[in-house]
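These values consider heavy atoms only, across backbone and side chains, with no hydrogens, waters or symmetry-generated copies.
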Amino acid sequence: MLALVIVPGAGAAIAFDGGRHSWPIAEGVVGDLARRIEAELRPRWIVWDRATSTQLLHDGVRVSKCWDIAAVQRLLVGGWRTDPARVWAELHGLPAELPVVAEVDLFTVAVDDPDPDEPVRADGYLKPEWLERDFAWTSARLVRWAELAAQTAALQIDALARVVDRRRAPSIARAESAAELLCAELSNDGLPMDREAAEDIVSSFVGPRPRTEAEAAEMRRRRDTEVLRHASMPNCDLRNPAQVKSLLRSIGVELPDTRARSLESVRDSHPLVDALLEWRKAERIATTFGYAWLDEHLGGDGRLRGTWTACDGAAGRMTASAGLHNMPAQLRPAVIAERDHVFVRADLGQIEPRILASVSGDRALAAATQRDDMYAPVAEQLGVDRATAKVAVLGAMYGQTTGHGAAALRGLEKAYPVAMRYLDEADRSGQVGRDVRTDGGRLVRMAFTGRGEPGDRESRSRAAAQGRYGRNAMVQGAAAEFFKVWAVTVRSRAGAFDARIVLCLHDELLVHVPSRHGQQVADLLEQCLAEAARHWARDESVRFVADVSVIERWSDSKS
DNA sequence: TGCGGCTATTG
DNA sequence: CACAATAGCCGCAG
């Protein structure tokens with residue numbers, strides 16, 4: 001483990017052996033030095049947060065392993081406030097009211113710090129001025145800062161071992177850290193996308209690229225007219241749901257809302273409905289996934305870039321902006337591998353119920369995971385058809401209590417009591433605002449604001465919603481952890497084939513690979529899945545499956 | 001100008 | 001419209 005701190009404009013420092021040995025580094029040589037250390041020693045780099053990894057990436061250094069203090073802290077205590085001062089205070093059990101930099105005004109005088117190179121105060125807190133933008137860094141202070149990072153990482157290892165199985169804790173923290181490296185790389189590298197193909201698709205929905213604002217308005221007006229010509233409300237604003245409701249009423253269609261689902265149910269009653277649904281599709285492309293989107297996010301190098309987050313606020317899934325996680329299926333044919341490259345795409349099959357079987361330790365449900373389609377044995381067990389079994393299992397994980405799955409839910413309770421109790425326990429925690437911790441040790445905060453008088457209808461429905469949130473967080477969160485272990489395992493092995501992960505999508509990986517290595521990387525993804533399962537799961541009772549294919553366009557895979 | 005509501009897309 | 005997310009536009013309050 002080797003701690004590295006970089007303060008742009010001030011310099012850098014490294015520390016190892018828990019901070020007992022340390023050196024300052026001139027800022028100009030950080031990249032070269034880090035590259036040589038990485039090549040010769042392959043250390044686990046301790047960093048305060050992703051900024052250091054991103055800085056290295058900009059210097060052209062890709063490190064293989066790290067301990068990201070902020071990422072591990074989010075795992076340990078949840079939330080987003082993971083600056084060094086807070087992390088340090090939390091690890092030392094100090095009260096959450098952090099000291100702030102004292103204002104110097106007419107009534108106070110600046111007190112000289114007797115030990116200005118020491119970041120820790122007598123009361124144990126970090127000095128807040130060390131976190132200020134204009135802090136007067138010196139090489140002595142940078143060195144102490146690196147030593148402190150090394151000490152902090154050591155404290156986290158102990159803290160983690162107290163909340164997760166001691167054997168599994170380090171690998172989970174390392175995966176969360178490596179996920180930060182992966183996210184830095186995904187943000188930097190982008191997703192290959194063919195601009196011409198993308199513009200052709202956009203054009204097929206909204207017409208050619210308008211050259212002026214007036215032209216754009218004219219095209220918008222023409223699209224509106226295609227719908228409005230079916231009725232006699234020429235000034236109706238199709239972007240206003242209330243007015244659309246009136247429009248529908250004027251043609252004799254009464255609906256509670258104007259969502260696509262509702263509209264589809266009355267599709268045959270009037271030609272306007274069909275036109276409106278078509279209009280919605282085009283409008284979506286025009287406003288969100290159109291020329292403006294391409295101009296903003298698709299670089300001249302044919303890479304679509306967004307900002308990647310390694311864990312979201314809820315349960316720790318990865319998120320991405322710029323439409324990388326919700327790109328309409330119609331645009332995916334434009335995601336094309338570069339010359340002499342292919343994509344290897346892999347998605348985990350039925351990941352959430354398999355995760356539930358694993359984390360709950362339900363032996364009967366684990367037995368069902370031995371099958372490629374685990375809903376089939378569940379259906380047999382429950383004496384219902386497959387579709388019903390699937391709805392029931394998903395309903396149990398999401399907290400559905402009404403509808404078609406409700407009856408089968410009672411069957412689930414009988415057949416898989418261990419798994420159902422696990423979900424129920426999380427549900428109760430959520431309802432009363434008690435934090436839950438996922439199997440991998442992520443704390444999911446449940447302290448919601450404003451629980452009203454218990455008993456009234458509003459507060460009961462809010463409690464139920466919080467219960468569903470808690471129930472789902474345990475499954476979705478554990479699935480996210482497992483996915484990250486898989487992804488970072490692939491990341492570390494893919495380099496041998498000059499392959500890079502270019503997209504992570506909750507249960508799906510897209511890897512960009514030189515064509516000659518396509519099949520080898522496809523095999524690699526399967527191997528990494530088995531390896532991830534061995535590292536992440538408590539035992540080997542649950543089988544995980546993936547669908548892997550070698551393709552040229554993202555849209556080429558069957559499923 | 002910021003925020004909740006509505007709607008869309010995705011896993 | 002079960003769970004999660006990002007994102008755009010509208011109306012309304014300040």
Side-chain angles (χ1 to χ4, degrees), chain A residues 205 220 224 236-245 255-265 276-290 292-293 296-297 306-332 335 345-353 355-356 390-406 408-409 423 426-427 430 436 438 442 444 461 464-480 483 503-510 547 554-555 559:
Chain A
F205 281 91
R220 202 158 50 232
D224 292 3
C236 176
D237 181 359
L238 294 171
R239 293 153 193 87
N240 181 331
Q243 289 190 39
V244 172
K245 254 201 225 180
L255 285 174
D257 55 66
T258 72
R259 293 195 270 251
R261 276 286 184 76
S262 307
L263 290 170
E264 256 148 36
S265 69
L276 182 57
L277 284 163
E278 280 303 306
W279 179 90
R280 283 262 174 86
K281 277 207 185 74
E283 181 73 2
R284 175 106 183 111
I285 298 287
T287 56
T288 308
F289 293 103
W293 171 68
E296 190 176 345
H297 304 292
T307 307
W308 288 80
T309 309
C311 68
D312 64 29
R317 293 216 294 199
M318 290 169 75
T319 61
S321 68
L324 286 158
H325 273 182
N326 56 351
M327 189 188 301
Q330 293 106 319
L331 279 156
R332 297 185 179 194
V335 177
R345 176 189 177 277
D347 74 301
L348 301 174
Q350 304 168 342
I351 186 59
E352 291 196 340
I355 290 289
L356 173 62
K390 180 178 173 176
V391 167
V393 170
L394 293 175
M397 291 187 298
Y398 292 154
Q400 185 185 33
T401 52
T402 56
H404 192 48
L409 202 59
L423 292 169
D427 196 303
V436 294
T438 64
R442 178 177 300 282
V444 181
S461 91
Q466 292 173 191
R468 291 194 299 271
Y469 180 90
R471 169 188 292 263
N472 184 247
M474 294 296 276
V475 179
Q476 193 189 99
F483 176 79
L503 191 77
C504 295
L505 197 41
H506 310 314
D507 63 352
E508 175 178 349
L509 280 175
L510 196 65
D547 179 37
W554 188 13
S555 51
S559 57

Heavy atoms under 4.0 Å is the rule here; annotate nucleotides 8-13 of chain C 5' to 3' with B where the base is hit, S where only the sugar-phosphate is, and - elsewhere. S-SS--
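- In this entry the distance linking CE of A:Met327 with C1' of C:dA7 reads 14 Å, nearest Å.
- Distance A:Asp507 CG to C:dC3 C1': 14 Å, rounded to the nearest Å.
- Separating the CZ atom of A:Phe483 from the P atom of C:dA5 is a distance of 17 Å, rounded to the nearest angstrom.
- Of the possible polar contacts, one joining the A:Lys245 side chain to the A:Pro256 backbone as a donor-acceptor pair under 3.5 Å is found.
- Spacing between atom CG of A:Leu348 and atom P of B:dG11 amounts to 13 Å, rounded to whole angstrom units.
- The residue A:Ala320 sits close only to the backbone: its heavy atoms come under 4.0 Å of sugar-phosphate atoms, none of a base.
- Here the CG-CD distance, from A:Leu503 to A:Glu508, works out to 6.5 Å after rounding to the nearest 0.5 Å.
- Distance A:Leu503 CG to B:dT10 C1': 11 Å, rounded to the nearest Å.
- Taking the side chain of A:Arg468 as heavy atoms from C-beta on, and the options B:dG11, C:dT6, C:dC3, the nearest nucleotide is C:dC3.
- Within the 4.0 angstrom heavy-atom criterion, no nucleotide atom of any strand lies near A:Gly399.
- For A:Asp312, whose side chain is taken as the heavy atoms from C-beta onward, the closest listed nucleotide among B:dT7, C:dA4, C:dC1 is C:dA4.
- If you check every strand for non-hydrogen atoms under 4.0 Å, A:Ala322 touches sugar and phosphate atoms only.
- Counting heavy atoms from C-beta on, the side chains of A:Lys390 and A:Gln350 never come closer than 4.5 Å.
- Closest contact between the side chain of A:Gln476 and the listed nucleotides C:dA4, B:dT9, C:dC1 involves C:dA4.
- For A:Pro328, the side-chain atoms get nearest to B:dT9 when compared with the rest of C:dA5, B:dA8, B:dT9.
- At the heavy-atom level, A:Ala260 lies under 4.0 Å from the strands shown only through sugar-phosphate atoms.
- Within the 3.5 Å criterion, the main-chain N or O of A:Gly430 finds no donor-acceptor partner in the side chain of A:Asp427.
- Put simply, CZ on A:Arg442 is 14 Å from C1' on C:dA4, counting in whole angstrom units.
- Between A:Trp279 atom CH2 and B:dA8 atom C1' there is a gap of 11 Å when expressed in whole angstrom units.
- Between atom CD1 of residue A:Ile351 and atom CG of residue A:Asp507 there is a gap of 7.5 Å, rounded to the nearest 0.5 Å.
- The shortest distance between the side-chain N/O atoms of A:Arg280 and the OP1/OP2 oxygens of B:dA8 is below 4.0 Å.
- In this structure, the separation between CZ on A:Arg220 and CZ on A:Arg239 is 6.0 Å, given to the nearest 0.5 Å.
- A:Leu276 contributes atom CG, which lies 7.0 Å from atom OG1 of A:Thr258 (distance to the nearest 0.5 angstrom).
- In this structure, A:Arg317 atom CZ and C:dT6 atom P are separated by 11 Å, rounded to whole Å.
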